[in-house]
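For reference, positions follow the sequence shown, starting with 1. Start at 1 and go down the list; that is how both ligands and their atoms are numbered.
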Amino acid sequence: MGLLEQINSPDDLKKLSVKELYVFADEVRSYIMETVRRRGGHLASNLGTVELITALHYVFDCPADKLLFDVGHQAYTHKIITGRRDAFYFLRSDAGVSGFPNVSESVYDAFTTGHSSTSLSLGVGFSRARDILGLDYNVVCVIGDGAFTGGMAFEALNDIGANKEKMIIVLNDNKMSISKNVGALNEYLAKLRLSKRYLNVKYNVKKAVSALPFFGNRVVNFLDRTKDNIKKTLLPDKIFENLGVKYYGPFDGHNIAELVSILKKLKDKNGPVLLHVLTNKGNGVPEILHNPDKYHGVTPENKPETEISFASVVGKKLCRLAEQHQNLVAVTAAMSMGTGLDEFAVKFPDRYFDVGIAEEHAACMCAGLAAAGVKPFFAVYSSFLQRAFDQTLHDICIDKRPVTLLIDHAGAVNGDGVTHQGIFDIGFLSLIPNMTVLQPKDGKELESMLDFAVDFNAPLAIRYPKSFSYEFDEHTPVNGLKWESLVRSREKIYILAAGNRMIKIALGVKNVNVINARVLKPLDKEFLSSVEDGSLVITLEDGVIRGGFGESVECFYNSADKSVKVVNLGYPDKFQARSLGSDMMLEAGITQENIAVIIAKFKNTRK
Ligand SMILES: Cc1ncc(C[n+]2csc(CCOP(=O)(O)OP(=O)(O)O)c2C)c(N)n1
């Protein structure tokens, strides 16, 4: 039996010697590799944090101590150590574990996460609550250099440095976000990374580690001494310290002995401290180490690629449009690969902006660009656009700035769980005056919508899921805000369906009119008015019903002088923890069978 099989809790881990922790870490790394290859998930980030998380659990006492992972995509080792080793075999499934920390999964998960740059705010919340309630536990935030580019991290730092609650911030610096990290903070971290050489020489780290536990004491004492002139000249300006947070580092994030020693020392510090550790994404696996962006999120091996990604359509089409329109720019918040902008970045470097994990800034910056005569396309996942609700409302929509939001991963999302579902955007965008919302039925229609967007002089959102499986032969170009009739029937039954998967379902229902409701807002009132009294209208949308497209259709008929029965199909008013979109649709009754039942009931009542 290996060490991995013996560890069922952090207490078991603490029984190992520091030397054995290395063996354990290697076993964990192999287990993560094998599992992610089979199930998909975040590979490179997790291979980079095995030693760090092992050291953290060795030193701290969870769940009493609060370990807060930023984003949470890098916490697989934490799951394995905290009693979920066997469930981890079924990673990203309802039967196993989710890919992110989740309070409903384990008491060791201090918070449910998935979106970036929350850990410092959560950490200061926990620290403050501890002090108010007179409790005694440690708060440790693990935040990547990518997540540190998010505005909320800066807001939290501003607060933490001024108020000085005891907490430990571990900055896991691997120079990468999903792609190469960007921004001025990243440039500052690069300077700090260089100072590692200085620390190594001064402390001959390898020798010192063999003299554990004194290493931690010596290095921490040294870093605490401000009088050291050599340190002052060789270490760059201390931004964190000037903001009131003590800085320690940089240290090798794969050296467990060193980490254990330093963490033990930092545990006793009062006030906020930041431990800067250097790690490699994909550590231990050369192919991944050299291509960390390719292995950030991976799909299961042997899974046949049957679907076409909307992002690939966007990427190619935007490049073609940029050639014709010199004022067209593309913007991403650290998601160039996911949203298909990689080719654009290479071809039009001067018109491509990766602003870091900063959706609020991206949206507001686009409003500024548009106000000054540039045509911005901001490609962003639906669930991350939630961050930029106010900028969309206040900065883009009040003055009708012609910004186009390209909303990827809209609707049900496979694998990433409750935090990544893109099911709220129809609702929150529908709320905002001056906003127009489109959804294409396939790739060709998306291209037509992008053509339309270039000349559209107002805020526009085009939403689409990750991929589509079905391409239509016929397309009527998008040159106005009208729906498209796909199937006509003499029956007074209409299915208004938005998006590829909903239309696919609608097309399987016999003897009905099928409408491609490609404009979700504003409604095609002319069409709705043309529906005869006594008809049944069924709406199908890949989003929550509350506040969505179907409800607005129902609202229209409630205030119009018409007797039309409306049935809305979409997701119910709850968070969706399911890992498969198809299960969500089944549970919500978005199936041909259920539609047939609805129609049969309607016909019965009509008799
Ligand atoms: C608000 C938000 N935007 C985008 C993402 C997508 N995302 C997940 S991980 C990640 C990169 C994080 O980089 P870093 O914190 O350095 O962690 P690493 O993977 O490099 O360890 C991004 C952009 C997200 N989770 N949340």
Side-chain angles (χ1 to χ4, degrees), residues 32 36 41-53 68-78 98-101 112-121 141-153 169-183 185-186 189-190 193 253-254 276-283 288-289 291-298 311 331-339 341 354-363 378-389 391 407-409 413 415-422 466:
I32 290 175
V36 176
H42 290 94
L43 189 51
S45 315
N46 278 292
L47 295 177
T49 51
V50 177
E51 289 83 5
L52 174 61
I53 294 175
L68 296 158
F69 291 99
D70 209 288
V71 184
H73 64 304
Q74 76 290 55
Y76 292 175
T77 301
H78 161 77
S98 70
F100 294 86
T112 298
T113 58
H115 290 198
S116 178
S117 320
T118 64
S119 65
L120 303 196
S121 301
C141 310
V142 179
I143 180 165
D145 54 309
F148 226 118
T149 61
M152 222 201 311
I169 300 164
V170 179
L171 170 55
N172 171 28
D173 178 6
N174 53 27
K175 303 188 214 156
M176 300 288 292
S177 196
I178 290 179
S179 307
K180 274 226 160 319
N181 202 10
V182 295
L185 180 80
N186 182 49
L189 292 182
R193 275 175 222 131
H254 300 297
H276 184 191
V277 300
L278 308 184
T279 60
N280 301 312
K281 254 178 138 157
N283 195 51
I288 302 176
L289 204 56
N291 303 284
D293 47 352
K294 207 171 120 197
Y295 290 94
H296 180 86
V298 299
V331 176
T332 176
M335 298 294 290
S336 62
M337 274 171 96
T339 57
L341 295 186
D354 178 351
V355 298
I357 310 179
E359 289 80 4
E360 306 95 305
H361 163 57
F378 173 29
V380 56
Y381 283 13
S382 170
S383 72
F384 306 145
L385 177 65
Q386 287 160 196
R387 284 279 163 94
F389 176 73
Q391 289 74 10
I407 308 176
D408 205 310
H409 281 58
V413 169
D416 284 334
V418 66
T419 53
H420 283 59
Q421 299 297 346
K466 181 176 184 210

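- Where the criterion is an N or O separation shorter than 3.5 Å, residue side chain and backbone included, F384 fails it with respect to ligand 1.
- Looking at ligand 1, you won't find any N or O of H420 less than 3.5 Å from one of its N or O atoms.
- Inclusion of G146 in the set of residues having an N or O under 3.5 Å from an N or O of ligand 1 is warranted.
- Distances between N or O atoms of M335 and those of ligand 1 include no value under 3.5 Å.
- Here the heavy atom of the protein found nearest to atom 26 (N) of ligand 1 is S116 N, 3.0 Å.
- Annotation for C141 and S119: closest pair SG-O, 3.3 Å, computed over non-hydrogen atoms.
- Heavy-atom proximity to G144, at under 4.0 Å, picks out these atoms of ligand 1: 14 (P), 15 (O), 16 (O).
- Within the listing of ligand 1, atoms 18 (P), 19 (O), 20 (O) sit less than 4.0 angstrom from a heavy atom of K281.
- Residue R387 places no N or O, backbone or side chain, under 3.5 Å from any N or O of ligand 1.
- At the shortest separation from atom 11 (C) of ligand 1 among protein heavy atoms lies S177 OG, 3.4 Å.
- In this structure, N174 contributes its side chain and K281 its backbone to no donor-acceptor pair below 3.5 Å.
- For ligand 1 and A334, the ligand atoms under 4.0 Å from any heavy atom of the residue are 23 (C).
- Remark: among candidates E360, E359, H115, the nearest residue to atom 3 (N) of ligand 1 is E359, based on non-hydrogen atoms.
- Put simply, the side chain of Q386 gets close to the backbone of S383: a donor and an acceptor are under 3.5 Å apart.
- Ligand 1 has no atom lying under 4.0 Å from any heavy atom of G48.
- Between N46 and A75, the closest heavy-atom pair is OD1-N, 3.3 Å.
- Looking at M176, Q386, M337, Q74, it is M176 that brings a heavy atom closest to atom 20 (O) of ligand 1.
- A side-chain donor-acceptor contact under 3.5 Å links N181 to the backbone of D145.
- For H73, the closest heavy-atom approach to ligand 1 falls below 4.0 Å.
- Here V71 has side-chain heavy atoms under 4.0 Å from ligand 1, and that is the only part of it that gets that close.
- Closest approach of V413 to H420, counting heavy atoms only: CG2-O, 3.4 Å.
- Counted by atom type alone, T279 and N172 present one or more donor-acceptor pairs between their side chains at under 3.5 Å.
- For G114, the heavy-atom gap to ligand 1 drops under 4.0 angstrom.
- Considering only non-hydrogen atoms, atom 12 (C) of ligand 1 lies nearest to I357 out of D416, V142, I357, N174.
- Listed by atom number, the atoms of ligand 1 under 4.0 Å from H296 heavy atoms are 9 (S), 19 (O).
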| said: Using side chain to side chain contact (heavy atoms under 4.5 Å, CB included), reason through L189 and L171 one step at a time and then give a plain yes or no. | reply: CA-CA 10 Å; L189 292 182; L171 170 55; 3.7 Å; yes
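- In terms of modelled atom types and a separation under 3.5 Å, the side chain of T339 and the main chain of V380 share no donor-acceptor contact.
- For H42, no heavy-atom contact with ligand 1 is shorter than 4.0 Å.
- Taking the six-membered ring for Trp and the full ring otherwise, F100 and H42 have centroids separated by under 6.0 Å.
- The backbone and the side chain of I178 each have at least one atom closer than 4.0 Å to an atom of ligand 1 (non-hydrogen atoms only).
- The distance from ligand 1 to the heavy atoms of S45 drops below 4.0 Å at these ligand atoms: 18 (P), 19 (O), 21 (O).
- Classification of the F69-H78 ring pair by plane angle, with boundaries at 30° and 60°, yields tilted.
- The main-chain N or O of S116 is found under 3.5 Å from a side-chain atom of R387 such that the two form a donor-acceptor pair.
- If you check which protein heavy atom lies closest to atom 15 (O) of ligand 1, you get A147 N, 2.9 Å.
- The closest donor-acceptor contact from the side chain of N283 to the backbone of T49 lies at 3.5 Å or more, if one exists at all.
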